[in-house]
Each structure stands twice: as C-alpha cells, then as structure tokens.
Engineer: 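Encoded as structure tokens, here's the structure I'll be asking about.
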Amino acid sequence: MRRYQQRMLSLILAVVMVAGIGLLPGGKAQAADAGTITSMAYFSAADGPVISKSGVGQASYGFVMPVFNGGAATWNQVSGDLGVKVKVAGNWVDIDSAAGYVYNQNWGHWSDGGFNGFWFTLSATTEIQLYSKANGVTLDYTLVFQNMNTTTITSMTPTQGPGITAGFTGGAGFTYPIFNNDPAITYEAVADDLKVYVKPVNSNTWIDIDNNAASGWIYDSNFGQFTEGGGGYWFTVTESIHVKLESKTSSADLIYTITFNEPVRNSYTLTPYEGTTFTANESGSIGLPLPKIDGSAPIASELGKFVYEININGQWVELSNSALSGFIYSGNGYNNMSDANQWGYWADYVYGLWFQPIQVDMQIRIGYPQNGQAGGSVGNNFVYYTFIGNPNAPRPDVTDQEDIEIGTPSNPAIDGMTLVWQDEFTGTQLDTSKWSYETGYYISDDPNSWGWGNAELEHYTNSEQNVFVQNGVLNIRALNDPKSFPQDPSRYAQYSSGKINTKDHFTFQYGRVDFRAKLPTGNGIWPALWMLPENSVYGAWAASGEIDVMEAKGRLPGTTSGAVHFGGQWPVNRYLAGEYYFPEGQTFANDYHVYTLIWEEDNFKWYVDGKFFFKVTRDQWYSVAAPNNPNAPFDQPFYIIMNLAIGGHFDGGLAPSPSDIPATMQVDYVRVYNAGSTGGGGENPGPGQGSVIIGDAVRGLKKTDDDLLFYVNGATFADLHYKINNGGQMNVAMISDGNGNYTYPVNNLQAGDTVEYFFTYNPGQGALDTPWQTYIHGVTQGVPAE
C-alpha cells in the first residue's frame, strides 16, 4: 500500500503545496461524521470507469475517490457509508468476504496531499463497485489487466535526459527508456533484466542500490518508481549523481546525470515565496511555502536554520515551544486522533510548512540568521504572515477519554488493577535482579553509530556516580566526564550518564505502567522513560516498534510527551506523538509527577498524574514486515528503559550550558499492572472455596475458578516464566509479601487453555531453575486447598 502511495506522488505534488497535508500512515480510515452518499461521479477521466494496466503476472491500479453528492460532501464525511464490492462469477460480492482479497495486502486506501483513493494489485481484469450502504447508490470500475511476456534488454534509448536538473528539494526523475528500439516493450517486460546503479559525479565506484540500505539509498525514501506517463524512476539527491541502467544479460546500459545546483548566497535576506496571507480550507489546513533566501528557494541543508514564531497575545514565541505556541510538531503528517493544533514540513518543488486545523486568525513569522549560521542573530530578517482561520474546520473530539486513578507513593493499590511488577527503590543500590546497565557510546563497532546513532553527547556507565539509589529514590545523573572509545579514539563523548533496562529480567505485553519521577531542566537535557521489544521479530528499529511513556526537553519544563514509533526500518520509520501541558505553576521539575501508559491490544493511552492527554489506535500504526497483522508491531512483549540523554536530535542538537550539568532524573517507583480484581500485589495461596493447589508447600499454583495464582514460598527472590497456548514466553518478577513469599496472578483462562511454566528462585543457597511444567485449564487435577 505505501509503495503505491509513493508512486502516486507525482499526481498530487501540486496539491500538496496548497493543501499542506502530510502522508497519513495506517489502516482503514475512520468516518469523520455520519454523512450518507446520494450520488457519485468519477473524479476525472483518468479515474474511471475503465483503467488499463499491463504487467508481468500482476499490475498496480489506483484511482482518486469519486465526487460525492455533487461535490457537497468529502470522503471523510461519507466514508462510513462507503463500501466496496468485487464481481465474482457474475455476482457482486463485498470485498471483505471475497476470496483472495486481503486489506493492506492487495487492496486498500491511500491518502496523500489532501487526496484519498483506492489501490489494487491484480493479476486479471476485475470489476469493482463502490456503493452506499444506506442508499444503494453505486459507481462501477473496470480494471483491465494485460499480461506481458518477459524479454531481455539489447538496447536502451532515453525518453528524458540523459541530463536532468534536480529541483530545490533535490527531487528529480526520468521516464523509462525505450527498450530494444520498440516502444511497445514496457518496463514490466524487462524488469527482471534491469539493474540500477548510482555514483556521485566525483566518484569512480558504482553502487548497486537494490536492497542495499547500507549504501544510504532506501527504496521509497530517497529513490523509487512512479507509474504515471508510462512510469520511471525518481530520486531525491543532495549532490550531483550519475544513474546507470544496465542489462543483467547483455552489455546494454544507459547513463543519466542528475545535477543538483547548490545556490550561491550573497546574502541571507528573506523574501516571500508567494504572498503573505493564507486562508484555511474546509479541513482547516494551510500550506505555506518557505520564503526565499537571497532570491531563491531554500535547500534541505538550510531548513534547520530557520526560526518559526507565532504571535500570542502580542508576544512572539517559538512555534516549537508547544506549551506557549499551542502547536505540536507532527513529523509524519496530520494526526487525526489528536485535537491539538499541528504543524510540519512538506516538500514539493520547494519546501514549505503545513498547519492544521486553523480555526481562528493568527500571525506567524519566519526568520533566518543574518550570517547564515545556525543560531545566529536573526535581527529583523523576518517575513510576516497572516492566517485567516476557518471557524467551521473540524477538530477531532477526544472528550470520551476519562482520567484514571493513580496509586500513592506508599500504596500501589488501584481499584480494578493487579500489580504484577514493581521497583520502589527502597534499598541502598540498584537491584540488578531487575535491571541491567547499558554502557558505552556506540550502538556497535561502527564509528558512524556514535551518540547511539542519534548524535547524543553522553556515554553511559555502570558507575554509582551516574546511577545510584538513595532515600528510596533512583537517581540517574549526568556529569561532565569526557571519554573516547575504540570505535573512534579522536571523538569524545563530553558527558557521562546512566541508562538501565529490564531486558531479560521483565517484559510485558498489554497492561499499565506508572513511573513517578522528578525531571531535570536545562538545554539539551533529555530524560526518557520508554520501552523496546524483547525480540525484534519484525526487523530492526523501528519496524518492531518503540513505546515512549515519557520524554521531556529540559528547556521546556512545562511540557512532556508520549509517542510510538513503527513502520519500517530506519529511515522509513514513522511515529505519532502527543504532548501534555502542566497546569500553571507546575513543571516536571518542581515536584514528582506520575507518568502513565495504558497499553491495550488495539490502542495506547497516555496520562500525567492521572490526566488523559493522548491516544493512538491500531488503525494508525503498522509494520511493513507484517502487512496482514493489524496489531503489529505492538503485539509482542516489551521491556522497560530509563535513561538521561544529553543533546541529540530530540531537541535540535542543543548542548547544555555549563550551569545545566550536573543534571539528575529522580524516579520514586516503577509499577506495572494488569487489569484484574485486586490491587497492590498478591497473597499466599490459602483456603478458598472451589480452589485447588497444584504443587507443594514451596512452589506451584492455586486455581480458583478461571484464575491462577502462582506461588513460591521461603525465597529471597522468585521469577515466573510462562507461556499460554504456545504463545510468546513471559518472564516476570513475582510479587513479594515482604516475608520471603512470592505470588503472581494469571487470570481469566478459558477451558482448554494450556499454560507452560517454570520458576527461577533462590531458597537461600543460590538460584534454581525448576523444570517446565504444564497446566491445562479444566483438565489438570490438583489437591483441594485447605
């Protein structure tokens, strides 16, 4: 689906600049309201009723949504009433029940540049029908497929180029050449014989860019293919390059030159690209091209130097300071599950900004340093813009989200929740049966992975100078402590800090996690409480997901955020984030606050001090490695991480001022819950009506109705390892009663469920692993509890 969206890009590039809406990843779209369809008409002659494609074995089709109700309704307004049928053996069948059609695998929605539509991958001519569920209105499409015979390449003649000039954003492309002097031979017929190589113009080495992410060339990220006009290749470049098309079976090749002309700046004076007044459209969106620098559009390397400010009550404030500006940055396009004002970048022939939803009039200004250096003085080098708001623009309704109860520092009990794991940091040192240290400055031996691949400035240690427990609180402290490493002895990490995790100690899948923490302030200070998958079953980051319970920018103490990362492996990853704003007079630094994530199978919800602020649903996330699994990548066990980073990309690469270091994050407790009937931990198995014991006086489980309570007695610690119905293995720390007895609940079993389990515990003479045991619910017999 997403590859087709990229190929559709050239259809809507001109619209992006006007609409200012970014790509919206995710699954089936949700209805914005309950509108119904009274009429449908084809969007254009190219969008039906007949669309013809050719290919070897299959072809990709796509069309823009029809015009609904004579143009009086948008797709968002009627999507809940729109269904899709396919003709099977002469009969119309709903596509969700038709054999061979799988959503997000061979058909689905695309959404880009303010346009929406359907895409299909087909291997035979197919008839499609869109219909109104309420009124029976229909619109028919015939997707004609012509199968092509494959051939090999003997010659290639360019249809564009071979000299191509890239635009300001580095975008360039060319249509496929004529193969074998025969215009009737399509790309699909020779695709298996065609290789693509790239090299910078000043290099002598050709790079095979097919499935070669290590080269920096990523399909659908900085190069790809389009289908319009016969199809071709597109590239996004930052320097001039040669592109070579070459036959695998013959000596035929064709070399193109894509020239990227970096502008020469005699000054850095800004002027408007086109006008300074913009009016929000029906969705409340505005697309604003960035101003020209010294008379020409900016390029990618200049974007980070711009200054964006908004006028709030007569004062100019940074747009990125969301607590003051009222806008949050949405790097992957408009998030329709958030009611926040949002902004981000778009790229067409030039770069620009989008804003949504603009409901009221406002003023912004864009500045650029007068010396052209990041952080330099802007002076009066601003362009001022006026936005005319649309008061009728829709804003997502999140009023159905309720606040939640939180525990107290001394009592973790929460009604309706079962505490399954905790660390209250009551000892005198870090409990290494629960936590492990991450150390160093590099992800691997690759010297390019410095700063954890994120340009961070700290190295992590296991020193008590950086991680220590004192007075019932975990302290993670950053210090001035330069150090170099073997990967690159000439590079120094300027600060030391701490990073700990529960990997190989504790993971969970679905539930609730609470952190009570007090955070430090300062430029470039980046405290984080987050989670990663125990096993990256869907691929390297972020294809297997990341869950951020809390992240904060030390220079903005009135705001924290939560996020999920997903999609594909970097750099084709995606994320969704939301922000919490502390009430007036409060900050994340002036007191402890409780940061909560509730993780359910189909959604995440974030809270601060029990106050809801953000939600993400599974319709918004995906993993490219599992297109048919709507829960992926968030259907696996994750482990907990706490760290204090310095610098990095999270807040624009800022470095601390001398007075900002040392900086310390303090954590009072970490608690993990499951939904259940009790709070505050378990109890020893004892008498109970209808209960049976399976085990002995030291270890085993007690069954009561459909609930199990695993137990270990007389131990210094105890962990339970279990899996249900041969699913993923759960490794959990059992809950102590303070007297050497441990329990852990597993509730709501169904007849026939199989639970395999074993214990790791220390009876006082050293840790022991018990053999695996098997319990089958409703089958395994036990001894009645006395």
Side-chain angles (χ1 to χ4, degrees), residues 404-414 417-438 466-477 497-520 527-534 546-552 560 562 588 591-599 604-610 637-645 664-674 679-682 717 719-720 730-736 738 742 744:
I404 58 172
E405 177 189 355
I406 58 175
T408 68
S410 60
N411 183 4
I414 298 174
M417 305 299 295
T418 299
L419 182 67
V420 298
W421 187 89
Q422 67 189 123
D423 196 337
E424 305 288 329
F425 304 108
T426 56
T428 58
Q429 58 186 10
L430 186 70
D431 186 346
T432 53
S433 72
K434 295 181 177 180
W435 301 96
S436 296
Y437 294 93
E438 291 189 47
N466 299 114
V467 180
F468 60 95
V469 175
Q470 188 177 71
N471 299 323
V473 172
L474 169 72
N475 295 265
I476 300 181
R477 183 168 63 181
S497 188
K499 183 178 185 180
I500 60 174
N501 66 59
T502 66
K503 184 174 174 61
D504 299 324
H505 298 289
F506 170 75
T507 64
F508 73 102
Q509 177 184 343
Y510 312 135
R512 165 177 169 169
V513 59
D514 287 9
F515 296 86
R516 186 172 188 261
K518 187 176 181 180
L519 310 178
L529 310 169
W530 53 300
M531 298 191 291
L532 284 175
E534 181 79 5
E546 175 185 321
I547 305 167
D548 299 325
V549 180
M550 188 289 306
E551 291 182 288
T560 59
F588 58 59
D591 202 350
Y592 285 89
H593 296 279
V594 178
Y595 302 95
T596 298
L597 173 82
I598 294 180
W599 174 17
F604 294 94
K605 294 188 285 287
W606 284 261
Y607 307 79
V608 174
D609 295 331
F638 277 59
Y639 63 90
I640 297 169
I641 307 167
M642 299 190 290
N643 69 285
L644 179 58
T664 304
M665 175 171 70
Q666 297 181 295
V667 182
D668 183 31
Y669 61 70
V670 184
R671 298 168 179 170
V672 180
Y673 300 84
N674 281 337
F717 80 88
D719 293 339
L720 171 68
M730 303 291 288
N731 306 295
V732 296
M734 300 179 72
I735 302 160
S736 173
Y742 295 81
Y744 185 84

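Predicted, not measured: the structure shown is a model, and the values here were computed from it.
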Engineer: Might you point out which heavy atoms bring Asp668 and Phe425 nearest each other, and give the distance in Å?
Structural biologist: O-CD1, 3.6 Å
Engineer: To the nearest 0.5 Å, how far apart are CD in Glu424 and CG in Asp431?
Structural biologist: 12.0 Å
Engineer: Walk me through whether Asn501 and Glu438 qualify under side-chain hydrogen bond (donor to acceptor under 3.5 Å, both in side chains).
Structural biologist: CA-CA 7 Å; Asn501 66 59; Glu438 291 189 47; 2.8 Å; yes
Engineer: Could you tell me the separation between the CE atom of Met642 and the CG atom of Asp423, rounded to the nearest 0.5 Å?
Structural biologist: 7.5 Å
Engineer: Which pair of heavy atoms, one from Asp548 and one from Glu546, lies closest together, and at what distance?
Structural biologist: OD1-OE2, 2.6 Å
Engineer: Could you check if a side-chain atom of Asn643 sits within less than 4.5 angstrom of a side-chain atom of Trp530, using non-hydrogen atoms only?
Structural biologist: yes
Engineer: Is there side-chain contact between Val732 and Phe506, with heavy atoms separated by less than 4.5 Å?
Structural biologist: yes
Engineer: Using the rule side-chain contact (heavy atoms from CB on, under 4.5 Å), only one of Gln666, Met550, Glu551 pairs with Leu519; which is it?
Structural biologist: Met550
Engineer: For the atom pair CG (Leu419) and CG (Asn411), what is the distance rounded to the nearest 0.5 Å?
Structural biologist: 10.0 Å
Engineer: Could you tell me whether Trp421 and Trp435 have their ring centroids closer than 6.0 angstrom?
Structural biologist: yes
Engineer: Minimum heavy-atom separation for Ser736 to Tyr742, with atom names?
Structural biologist: CB-CE2, 3.4 Å
Engineer: Looking at side-chain heavy atoms only, is the closest gap between Lys499 and Ile641 below 4.5 Å?
Structural biologist: yes
Engineer: Kindly compute the distance separating CZ (Phe638) from CD (Gln509), expressed to the nearest 0.5 Å.
Structural biologist: 9.0 Å
Engineer: Atom OH in Tyr595, atom CD1 in Ile406: separation rounded to 0.5 Å?
Structural biologist: 11.5 Å
Engineer: Atom OG of Ser436 and atom NZ of Lys503: how far apart are they, to the nearest 0.5 Å?
Structural biologist: 9.5 Å
Engineer: Side chains of Leu529 and Met665, heavy atoms from C-beta outward: is any pair under 4.5 Å?
Structural biologist: yes
Engineer: Are Tyr592 and Tyr669 packed together at the side-chain level, in the sense that at least one heavy-atom pair is separated by less than 4.5 angstrom?
Structural biologist: no
Engineer: Just by modelled atom types, is the Ile640 backbone N or O under 3.5 Å from a matching donor or acceptor in the Thr502 side chain?
Structural biologist: yes
Engineer: Can you name the nearest heavy-atom pair linking Val469 to Gly427, along with the distance?
Structural biologist: CG1-O, 3.3 Å
Engineer: Give the intermediate values and the outcome of side-chain hydrogen bond (donor to acceptor under 3.5 Å, both in side chains) for residues Thr596 and Asp514.
Structural biologist: CA-CA 5 Å; Thr596 298; Asp514 287 9; 3.0 Å; yes
Engineer: Just so I know, are the side chains of Val513 and Val670 near enough to count as touching, which here means a heavy-atom distance under 4.5 Å?
Structural biologist: yes
Engineer: Could you check if a side-chain atom of Ile404 sits within less than 4.5 angstrom of a side-chain atom of Arg512, using non-hydrogen atoms only?
Structural biologist: yes
Engineer: Donor-acceptor pair, Asp609 side chain versus Val594 backbone, under 3.5 Å?
Structural biologist: yes
Engineer: Is any side-chain heavy atom of Val473 closer than 4.5 Å to a side-chain heavy atom of Lys518?
Structural biologist: no
Engineer: What pair of heavy atoms forms the shortest contact from Arg671 to Pro412, and how long is it?
Structural biologist: NH1-CA, 3.3 Å
Engineer: Between the side chain of Tyr607 and the main-chain N/O of Ile598, is any donor-acceptor distance below 3.5 Å?
Structural biologist: no
Engineer: Determine the minimum heavy-atom distance between Leu644 and Pro520, stating which atoms define it.
Structural biologist: CD1-CG, 3.9 Å
Engineer: Would you mind telling me which of Thr432, Val467, Val667 makes a side-chain contact (heavy atoms from CB on, under 4.5 Å) with Ile500?
Structural biologist: Val467
